[in-house]
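Written below as structure tokens is the structure these notes are about.
What you see is a predicted model, and the numbers here were worked out from it, not measured in a lab.
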Amino acid sequence: QQQKKENSEAQEITTMMLKNIPVGLSHDEVKESLLSLGVSFDVLHVPADVRSGCNRGYTFLNCPSPGAYEDAATKLHNSRLPGFPGSKKVLEVCRAK
């Protein structure tokens with residue numbers, strides 16, 4: 001019974017935390033970079049430091065379906081954001097809780 005519940009919950013995952021975003025990027029730059037990769041999302045939240053205005057190095061995005069989440073995770077995990085060759089940061093996808 002517990003295994004069934006865990007499998008059901010895994011199939012419903014649509015929100016991820018994406019770590020290691022280059023800090024100097026704006027919300028719009030992150031958005032455009034994700035769209036250029038063909039990532040499908042309906043909500044994007046890029047937390048920023050109030051004083052500096054820079055993002056905090058991570059973002060949350062919600063995908064419209066579990067399938068879109070899997071596609072985005074495959075495209076993003078262990079990759080780099082395109083258009084920012086100066087950044088050596090490798091992206092890490094985590095399930096948002």
Side-chain angles (χ1 to χ4, degrees):
Q1 190 74 315
Q2 180 68 21
Q3 184 66 30
K4 247 185 190 179
K5 182 180 177 185
E6 288 174 8
N7 287 341
S8 175
E9 287 175 0
Q11 293 174 355
E12 298 300 318
I13 299 170
T14 58
T15 305
M16 70 175 64
M17 178 182 192
L18 186 58
K19 296 180 180 181
N20 299 326
I21 299 291
V23 176
L25 304 183
S26 69
H27 179 279
D28 289 342
E29 289 171 318
V30 172
K31 180 180 176 180
E32 291 305 314
S33 188
L34 293 171
L35 290 173
S36 76
L37 289 170
V39 174
S40 177
F41 55 91
D42 50 14
V43 176
L44 176 67
H45 176 61
V46 183
D49 181 88
V50 178
R51 282 185 259 166
S52 70
C54 292
N55 76 64
R56 295 181 179 257
Y58 61 92
T59 187
F60 294 95
L61 59 118
N62 188 70
C63 300
S65 69
Y69 174 96
E70 289 300 323
D71 183 56
T74 299
K75 290 176 180 175
L76 296 171
H77 192 68
N78 289 327
S79 69
R80 292 192 173 103
L81 284 180
F84 306 99
S87 175
K88 303 272 190 258
K89 289 189 168 190
V90 176
L91 301 175
E92 181 183 346
V93 173
C94 301
R95 176 182 169 193
K97 296 181 180 184

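When each of Val30, Leu44, Val46 is checked for a side-chain contact (heavy atoms from CB on, under 4.5 Å) with Leu61, only Leu44 meets the rule.
For Val90, the side chain to side chain contact (heavy atoms under 4.5 Å, CB included) partners at least two apart in sequence or on another chain are Asn78, Arg80. Residues that satisfy the salt bridge (charged side-chain N to carboxylate O under 4.0 Å, His left out) test with Lys75, not counting sequence neighbours, are Asp71.
Counting heavy atoms from C-beta on, the side chains of Arg56 and Asp49 come closer than 4.5 Å.
Using a 4.5 Å cut-off between side-chain heavy atoms of Ile, Leu, Val, Met, Phe, Trp and Tyr, with links allowed through other members, Val39 and Val43 fall into different hydrophobic clusters. One hydrophobic cluster, built from ILVMFWY side chains closer than 4.5 Å, holds both Leu91 and Leu34.
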Derivation of the side chain to side chain contact (heavy atoms under 4.5 Å, CB included) call for Glu92 and Tyr58: CA-CA 9 Å; Glu92 181 183 346; Tyr58 61 92; over 6 Å; no
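What you find for Ser40 and Cys63 is that their closest heavy atoms are O-SG, 3.5 Å. Residue Met16 comes nearest to Ala73 through the heavy atom pair CE-N, 3.8 Å, listed as atom of the first residue, atom of the second, then distance. Considering every non-hydrogen atom in both Asp42 and Pro64, the closest pair reads OD2-CA, 3.7 Å. Nearest heavy-atom pair, Ala48 versus Gly53, reported as atom, atom and distance to 0.1 Å: CB-O, 3.9 Å. Considering all non-hydrogen atoms of both residues, Ile21 and Lys89 come closest at O-NZ, 3.6 Å.
Not a single donor-acceptor pair under 3.5 Å links the side chain of His45 to the backbone N or O of Phe60. A donor-acceptor contact shorter than 3.5 Å is absent between the side chain of Thr14 and the backbone of Pro66. Side-chain atoms of Asn55 come within 3.5 Å of backbone N or O of Leu25 as a donor-acceptor pair.
To the nearest 0.5 Å, atoms OG1 (Thr59) and CG (Leu18) are separated by 6.5 Å. We find the OG-CD distance between Ser65 and Glu70 to be 9.5 Å, quoted to the nearest 0.5 Å. Atoms CG and CD, on Leu81 and Glu32 in that order, are 12.0 Å from each other to the nearest 0.5 Å. Within the model, atoms CZ of Arg95 and OH of Tyr69 stand 7.5 Å from one another, a figure rounded to the nearest 0.5 Å.
Enclosure of atom NZ in Lys19 is not indicated, since only 12 or fewer non-hydrogen atoms of other residues, nucleotides or ligands lie within 6.0 angstrom.
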